[in-house]
Amino acid sequence: MDIRICILSSTILNCILLSIIFLFSCSAQKTIIDDQNALNAFKAHITLTDPNNILSLLWSNKISTCKWEGVSCSVRRQRVTALDLSFMNLTATVSPHIGNLSFLSSLVLKFNNFHGFVPMELANLRRLQQLHLQYNNFSGEVPMWLGNFQHLKELVLSNNSFTGLIPSSLFNISSLIVLRLEVNNFFGSLPEEICDNLPNLEILSVAVNRLHGQTPANISKCMKLQKLSLSYNQFRGSIPRQIGNLTDLRELYLGFNNFNGSTIPWEFGNLVHLERLDIPSASLTGTIPSSIFNMSSLINLDLENNSLSGSLPQHITYNLPALRNLSFANNFLTGPIPLGLCECEGLQNLVLGKNEFTGSIPKKIGNLTSLQSLYLKFNKLTGTLPDEIGNLKLKIIVFGNNNFTGPVPYGIFNISTLTYLDMQFNNLSGHLPSDIRLPNLEGLSLNSNNIGGWIPSSITNASAISVIQLYNNYFDGPIPSTLGNLKFLKNLHLSGNRLTKEFATSELSFFNSLTNCKLLETLTISQNHFSGFIPNSIGNLSTSLYYFEAYESNIKGRIPVGIGNLSSMQVLELYGNELIGSIPETIGKLTELGRLTLSGNRLQGSIPSDICNLKRIGELDLSQNRLSGSIPTCMGELIALEKLNLYSNKLNFAIPHNFWSLSKLIHLNLSLNLLIGNITPDIGNLNIATQIDLSRNQLSGDIPTNIGKAQELNFLSLAHNKLQGSIPESLSNLKGLEFLDLSANNLSGEIPHSLGTIRYLQHLNISFNELQGEIPTSGTFANFSAESFSHNIGLCGARWLTIPHCKPQSVRKSKSELVHLLKYILPPMLSMVFISFVLLGDDEFRAQTQTLGTIGYMAPEYGSEGIISSKGDVYSFGVVLMEAFTRKKPTHEMFTGKMNLRSWVDENLHSNFLQVVDSKLMARVDEHMYEEEQCVTSILDLALDCSTDSATERITMKQVLYQLEKIRVMFEMSTKSKVSNKDKVGR
């Protein structure tokens, strides 16, 4: 019985145990299915943006979820605990179903293209210890609930597009070891109590954001901190000295902030484990603390681009055995280079450029046997270069812009590891060694020194070289033909030496060898003593050649036609040589050319029309040659042209009319040629031109009034031509004019007073003309001497001008031309109109006035309909009135297109009276000037009424007679009244 009971009990117990195991198994199976469903939902969310099909291929329901790519599960419970999808190039928003992975402790999605907000469902991941979202494109604000992850150890959100304030809750995660927020758009300041609740923090990086304010001193409470990066923000104020208490610190990055006036804390010397100290471009001032040079763990020290001053410690031991890189460039450091630096035997890169170091380079520099780069450029170093430098295995030597003297140590030219040698802008002398062995050299800059002798042919041993700069020295002899062996040569600069051609030939044969340099881009050989001609093989140079400069080099012969093969050429300068012959037509094939200067040669013939193919030309200088013929009309189509200089040739015929349509033209010089014709009104289209010189030609006609529209001019010379007429008032519109020369022409009339308003005018020459009247003394006229006005017989002026001074006349007796016109010519005109109208009648009047029926005087209906009437005579009379008071014939050259005498008067009479009326009429200032102006305005208004296009709107001759008489009476009454009042005041 007892046995049966025991057996029964045992059976029941086993059943219960089996039931529990079954239930647990069912529960576990259901939970892993939930994880699988969450991951499948995540996969479905990004299927269309999985370019490598990683998830679609490797996340299959046919295999265990825990074996999916990037998925890790716990061993005991078989729950998803880690998801790592790094470097999969996935593009999507993060599925909220990730929040259902309730056992997830590590989520790593770095280096993908996830975007949008961080879904709030991630707040359910209470077990999360690692969250890595770096290098994606997440945006929006970082959610505050991230601070609720009390087990979180690593939060990395760097290299995204997060914005807003950094949530303060993040600084309360006491478990946090790594907090990286760099390269986002966070703004605001760091909390003052930043490290009160971060006892375990080892890495804090908020670099490359828009944070500002003070750096909190409280940061020193993060005692386990090993890396602190605050670079590339807008932090200001002083650097907290308390950072010196972070004795576990290995890396400190504070550069690219605005610690304006802050010094480097002395306490930084306490950071005995610090390996990297980087504070470039942070507006630091003061001296570098000597304690910095006792940081034995320091590997990298970068303080460049600040305002540090003073000298480096001279008499201490530099305890920097681990130092590899030191950069103090671009500061204001002074004094000699300390010998202590030569004790840092592990130093690889020493950068001291752009300071004010003095003295010589210590010979002990040879102790730095690990040195690879040595930058001393832009200092005040002197003395000779130590030979010991040649014993180092340097890759880069940059000593330019100092005051070094003596020869370059020959040993430097045997440093097989050297890739770049820069010693430009010194006072080095001597010769280069005949045996150069620099197989890895890529750049050689010895320009602007006093080095002489021949360029050694062994320079071709530098087979990797791409840049050679030897300009502005004293090299002589021929250019080595072996340069053609330099297959990687791109830039060759040999200008400013004493180089010659080879003795046995008259051609510059080095061009033949350079045809093998297929990568050549720039070639400058100017200011040498070649005395030879350029061979046609120049056309076989590299098709990449875009800059060729060979000016003032005593080059002879013709410009070779092969030059047209250089299809990439942008700048071609051959000025100041002895070139002869004509400009080759093939020059027109250089369609990329932006600057062409052939001035100062002996070129002759005409300017080839092929030059008009240079549609990109911005500067063209053919001056000081012997070119003849006309200027090609098509040059007016070179719309990119900004500077054109044809000075001192033998060009003749007229200036092409379309020249004045070159809207980008800034400088124009056509002086000293044989050009004829008029200057057209279109010159006013050059509204951005600053310099125009048309002097010493045979130009004739009036100076067009439209020249006043070229309002950017500061230099204008029309001297030594055959120009006539008056000096236009519109020149006063050229407010920036500094130089004006109208001398040696046939100009007449009076000098416009308005020229005195050109406030910047420094040079004025109107001598040798036929000007008359009084020289103005107002404004800038007071700055000029008699020389500016000499040889104008009719001019008079103040005694200080040492020319005949004007005879004083009483105001009441002096009569201006205007008064003469109004009082002595107007009455006879009235009489003529009256007699014609009364005696002959309105119909017969037309027969007596048909002499006015010429071009510009006849009414529109006469030309279009052949109608002759008294209305047509009224029109002609109105034109005569306008001509009398403006001194402009209706056939004047300025009236083109739709503009005629009437429209010009109508447009300007009331807005610009002095521009319309003949300057001689209104030049004299007297007591009746206002009345005279009103009278002339009334007469010209009457002339406008006479000359309307519509005959029906025109007034009759009877009305003309009445209006003229009314104007005369009003004028006489107003002037007499003014004189009478003045006499009363005098009595």
Side-chain angles (χ1 to χ4, degrees), residues 31 34-35 38-39 41-42 45 71-74 77 79-85 93-110 114-182 184-206 209 211 216 218-219 221-225:
T31 303
D34 285 346
D35 287 354
L39 292 174
F42 177 85
H45 202 62
V71 176
S72 300
C73 297
S74 59
R77 298 188 180 186
R79 297 297 303 274
V80 175
T81 57
L83 179 61
D84 187 349
L85 302 180
T93 57
V94 175
S95 169
H97 294 89
I98 290 291
N100 294 331
L101 300 174
S102 54
F103 277 77
L104 199 67
S105 63
S106 176
L107 175 60
V108 181
L109 302 178
K110 62 185 179 182
F114 287 109
H115 55 86
F117 299 153
V118 177
M120 65 178 301
E121 286 78 6
L122 265 63
N124 299 326
L125 306 178
R126 300 292 181 180
R127 292 181 170 85
L128 205 61
Q129 296 181 24
Q130 288 183 323
L131 179 57
H132 288 217
L133 304 180
Q134 67 265 40
Y135 289 96
N136 282 284
N137 196 27
F138 288 107
S139 58
E141 296 185 356
V142 172
M144 184 71 74
W145 46 258
L146 282 177
N148 298 329
F149 292 156
Q150 292 305 310
H151 302 289
L152 194 64
K153 295 181 179 178
E154 298 179 9
L155 176 59
V156 184
L157 306 179
S158 54
N159 296 87
N160 279 284
S161 298
F162 289 114
T163 187
L165 303 174
I166 299 174
S168 58
S169 61
L170 299 186
F171 303 111
N172 291 322
I173 307 174
S174 59
S175 58
L176 207 58
I177 297 174
V178 176
L179 177 58
R180 297 188 58 179
L181 306 175
E182 71 266 18
N184 280 286
N185 289 310
F186 294 117
F187 53 82
S189 58
L190 296 178
E192 293 183 5
E193 64 283 357
I194 183 171
C195 283
D196 281 353
N197 298 307
L198 297 173
N200 298 301
L201 194 65
E202 296 179 2
I203 296 176
L204 173 61
S205 178
V206 294
N209 281 285
L211 300 172
N218 177 274
I219 212 162
K221 290 187 176 181
C222 293
M223 293 300 296
K224 293 185 179 181
L225 207 58

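If you're wondering where the values come from, they're calculated on a predicted model, not measured in any experiment.
Counting all heavy atoms, side chain and backbone alike, Leu104 lies closest to Leu83 at CD1-N, 3.8 Å. Minimum heavy-atom separation, Pro119 to Ser95: CG-O, 4.4 Å. The minimum heavy-atom distance between His151 and Arg126, with the atom names listed, is CD2-O, 3.4 Å. Listed here is the closest heavy atom pair of Leu201 and Cys222: CD2-SG, 4.2 Å. Among all heavy-atom pairs drawn from Leu179 and Leu170, the shortest one is CD1-CD1, 4.5 Å. Shown here for Thr93 and His45, the closest heavy-atom pair between the two residues is OG1-NE2, 2.8 Å.
Using a distance-only test at 3.5 Å, with no hydrogens or angles considered, no donor-acceptor pair links the side chain of Ser174 to the main chain of Asn197. At least one donor-acceptor pair under 3.5 Å links the side chain of Asn136 to the backbone N or O of Gln134. Checking side-chain atoms of Asp35 against main-chain N and O of Val80 turns up a donor-acceptor pair under 3.5 Å. Without hydrogens or angle criteria, Ser175 side chain to Gln150 main chain gives a donor-acceptor distance under 3.5 Å. Remark: side-chain polar atoms of Asn218 are paired, donor with acceptor, to backbone N or O of Ile194 under 3.5 angstrom. Although no hydrogens or angles enter the test, the distance criterion places a donor-acceptor pair under 3.5 Å between the side chain of Asn160 and the main chain of Ser158. Side-chain atoms of Asn100 do not come within 3.5 Å of backbone N or O of Ile98 as any donor-acceptor pair. No donor-acceptor pair closer than 3.5 Å links the side chain of Asn200 to the backbone N or O of Ile177. Within the 3.5 Å criterion, the main-chain N or O of Met144 finds a donor-acceptor partner in the side chain of Ser169. With hydrogens and angles ignored, the 3.5 Å screen pairs a side-chain donor or acceptor of Asn209 with a backbone N or O of Leu181.
Within the 4.5 Å cutoff, no side-chain heavy atoms of Ser74 are placed close to those of Phe103. The side-chain heavy atoms of Leu85 and Phe42, taken from C-beta on, include a pair separated by under 4.5 Å. Side-chain contact between Phe187 and Leu165 is present, with at least one heavy-atom pair separated by less than 4.5 Å. Contact of the Val118 side chain with the Leu146 side chain is not registered, since no non-hydrogen atoms from C-beta on lie closer than 4.5 Å. Leu39 has its side chain within reach of Leu101: a pair of non-hydrogen atoms, C-beta onward, lies under 4.5 Å apart. Under the 4.5 Å side-chain criterion, counting only non-hydrogen atoms from C-beta, Lys221 is not in contact with Leu198.
Between atom CZ of residue Phe149 and atom CD of residue Gln130 there is a gap of 13.5 Å, rounded to the nearest 0.5 Å. Here Ser105 contributes atom OG and Leu152 contributes atom CG; the two are 10.5 Å apart, rounded to the nearest 0.5 Å. Note that CG of Asp196 and CG of Asn172 are 9.0 Å apart. Values are rounded to the nearest 0.5 Å. Rounding to the nearest 0.5 Å gives a distance of 6.0 Å between CD of Glu182 and CG of Asn159. The OG atom of Ser161 lies 7.0 Å from the CG atom of Asn184; values are rounded to the nearest 0.5 Å. Considering SG of Cys195 and CE of Met223, their distance stands at 10.5 Å, rounded to 0.5 Å.
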Using the side chain to side chain contact (heavy atoms under 4.5 Å, CB included) rule, take Val206 and Phe186 through it: C-alpha gap first, then chi angles, then the decisive distance, then the call.
-> CA-CA 9 Å; Val206 294; Phe186 294 117; over 6 Å; no
Determine, step by step, whether Thr81 and Arg127 satisfy the side chain to side chain donor-acceptor pair (under 3.5 Å) criterion, reporting the C-alpha distance in whole Å, the side-chain angles of both residues, the deciding distance to 0.1 Å, and the verdict.
-> CA-CA 9 Å; Thr81 57; Arg127 292 181 170 85; over 6 Å; no
Can you check side chain to side chain contact (heavy atoms under 4.5 Å, CB included) on Val142 and Ile166, steps first, answer last?
-> CA-CA 7 Å; Val142 172; Ile166 299 174; over 6 Å; no
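The environment of His97 atom NE2 is sparse: at most 12 non-hydrogen atoms of other residues, nucleotides or ligands sit within 6.0 angstrom. Open room surrounds CD on Glu192; 12 or fewer heavy atoms of other groups in view lie less than 6.0 Å from it. Around atom OH of Tyr135, no more than 12 heavy atoms belonging to other residues, nucleotides or ligands sit under 6.0 Å away.
Ring orientation note: the planes of Phe114 and Phe138 are close to parallel, at an angle under 30° on the 30°/60° scale.
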